[in-house]
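First listed ligand is number 1; within each ligand, the first listed atom is number 1. One-based numbering along the sequence shown.
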Amino acid sequence: MNWDEFSHWGQHISRWAANYHQTLAERPVRAQTAPGEISCQLEEAPPETGQPMEAIMADFERIVMPGMTHWQHPRFFAYFPANAAPPSMLAEMLVTTIAAQCMLWQTSPAATEVEGVMVDWLRQALGLPGGMTGVIQDSASSATLSAVLTMRERATGFTGNRDGLNTKGALRIYCSDQVHSSIDRACWVAGIGENNLVKLPANGPTFAIDAIALEAAIQADITAGHIPAGIIAITGGTGVGACDDLNAVADIARKYDLYTHLDAAWAGSAMICPEFRDALWSGADRYDSIVFNPHKWLGAQFDCAIQFLKDAKPQLDTLKIEPEYLKTTGADVTNYSEWTIPLGRRFRALKIWFLLRSYGLEGLRTRIRNHVAWAQELAELIGAMDGFEITTGPILSLFSFRCPGDDDTQQRLVDALNEDGRIYLTQGMFDGRKIIRFQVGQFDTTRDDVLMAATVIREVWGKLS
Ligand SMILES: *Cc1c(COP(=O)(O)O)cnc(C)c1O
């Protein structure tokens, strides 16, 4: 492809993109595709000779598009959102065009320096204290793994990387039973082991970790000869939005000198609104490591996870490695690849710069506030439906409900709703019962889109029951 053709197709695709978004609401949210339906339409072997872009694009529309689930659909209420605001998409086009590998300051000084400033803008936006630094990672899972490795190294006097794990006692990490599966996986991969991830019960209106049980578990472990290494707290758990009492957890961590990580992957974005901080964010400033995903609720195109660090040194002591071919000479600069597990890094900060400048914090706050208010309105409508029950009330914009009937009936309703196609939501488990999750967070969703869900649920339930 020559660059004139590139320019032609670039303009074509940018018009295609605008049209896609403008007509998205008419499509079913979730792909209505059977397994194998897409792959069987692809050639079995790669082509020997080049094909024209017209043919490739036509096949994209014919074969690929029917198999896509539309995460940018205004009635996407499943999982958590993955918003891609238009200015963020444009920044990604520029990043893709320049295609720099930004592992070191020297390999693109602007990428490193914009990243440093964007992490600091977001620190201020979330009401975190000056002095906290941070890094942009691909996902919350990677940031959490970095934090768990740091817990491991700190608890072993930074000998784990060198000697392997041969401590006399087992390293122990503590969290509530509401944490995301990425915490379990971080403990598997870090060599801590699932049995040494101590999950404590959560209770109260925000399903917070039981602080008395937490301290008792730490004391019992010390008595048993285990080695407590760290605590992972959550603000906005994936299931029902659980939020720990951050000060209570930080008090215990200080008492036992434990490293702390806070998983706010989804709810962190909402903390740009000061009114949510008193109840859900007080004490966040005391955490050694905090992760939040601007790629969920804030509008930065996937992928983009921010890890804030109170002091970067322990993580650098855990992850930094400097072979000769990566050494650079000259001034003292930040090389962010020393802060993370992958060496290579994309220029993720540019989309944050475009996003924050284009909307301003106030523009982003308005969206999040609307989502929270509309989720509350919808929960009231669903709670008033005959036999329906709100199982967990809204925490920010996430709530859960049940229709009349057993667990299988809940699943049948979820499946029927997703086959209907007008809305998309997913199930979860809470207190041993199946629940139906509902979150509001798509960037362009309107109050009508959200409230329409009540009508759709009523209609689809009417046909099922
Ligand atoms: C989404 C989510 C994660 C995982 O995020 P990735 O960026 O996909 O790794 C972890 N924790 C919570 C609370 C989440 O909502």
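For Thr144, no heavy-atom contact with ligand 1 is shorter than 4.0 Å. With a 4.0 Å heavy-atom cut-off, ligand 1 is reached by the side chain of Ser182 but not by its N, CA, C or O.
Heavy-atom contacts of Phe80 reach the following atoms of ligand 1: 15 (O) (cutoff under 4.0 Å). Those atoms of ligand 1 that come under 4.0 Å of a heavy atom in Gly236, given as number and element, are 13 (C). For ligand 1 and Asn293, the ligand atoms under 4.0 Å from any heavy atom of the residue are 5 (O), 6 (P), 7 (O). Here is the list of ligand 1 atoms found below 4.0 Å of a heavy atom in Thr238: 12 (C), 13 (C), 14 (C), 15 (O). Close approach of ligand 1 to His295 is summarised as follows: ligand atoms under 4.0 Å from at least one heavy atom of the residue are 7 (O).
For the salt bridge (Lys or Arg N to Asp or Glu O under 4.0 Å) with Asp407, the qualifying choice from Arg412, Arg402, Arg433, Lys434 is Arg402, the only one to do so.
Using cut-offs of 30° and 60° for the angle between ring planes, the Phe80 and Trp266 rings count as parallel.
The protein heavy atom nearest to atom 1 (C) of ligand 1 is Lys296 NZ, 1.4 Å. At the top of the distance list for atom 9 (O) of ligand 1, counting protein heavy atoms only, stands Ser141 OG, 2.5 Å. At the top of the distance list for atom 7 (O) of ligand 1, counting protein heavy atoms only, stands Ala140 N, 2.7 Å. Scanning all protein heavy atoms for the shortest distance to atom 11 (N) of ligand 1 gives Asp263 OD2, 2.7 Å.
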Pair Phe430-Phe207, ring pair (Phe, Tyr, Trp, His ring centres under 6.0 Å): steps then yes or no:
CA-CA 11 Å; Phe430 186 72; Phe207 318 109; 4.9 Å; yes
Can you list the steps and then say if Phe443 with Tyr359 is a ring pair (Phe, Tyr, Trp, His ring centres under 6.0 Å)?
CA-CA 12 Å; Phe443 214 71; Tyr359 290 92; 5.2 Å; yes
Run the salt bridge (Lys or Arg N to Asp or Glu O under 4.0 Å) check on Asp303 and Arg346 step by step: do they pass?
CA-CA 10 Å; Asp303 49 10; Arg346 306 192 325 104; 3.4 Å; yes
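In this structure, Ser282 contributes its side chain and Asp278 its backbone to no donor-acceptor pair below 3.5 Å.
When Gln178, His180, Gln439 are ranked by how near their heavy atoms come to atom 4 (C) of ligand 1, first place goes to His180.
Seen from the ring of Trp121, Arg123 does not count as a face-on cation partner, given the 6.0 Å and 45° thresholds.
A donor-acceptor contact under 3.5 angstrom links the side chains of His70 and Tyr20, judged on distance only.
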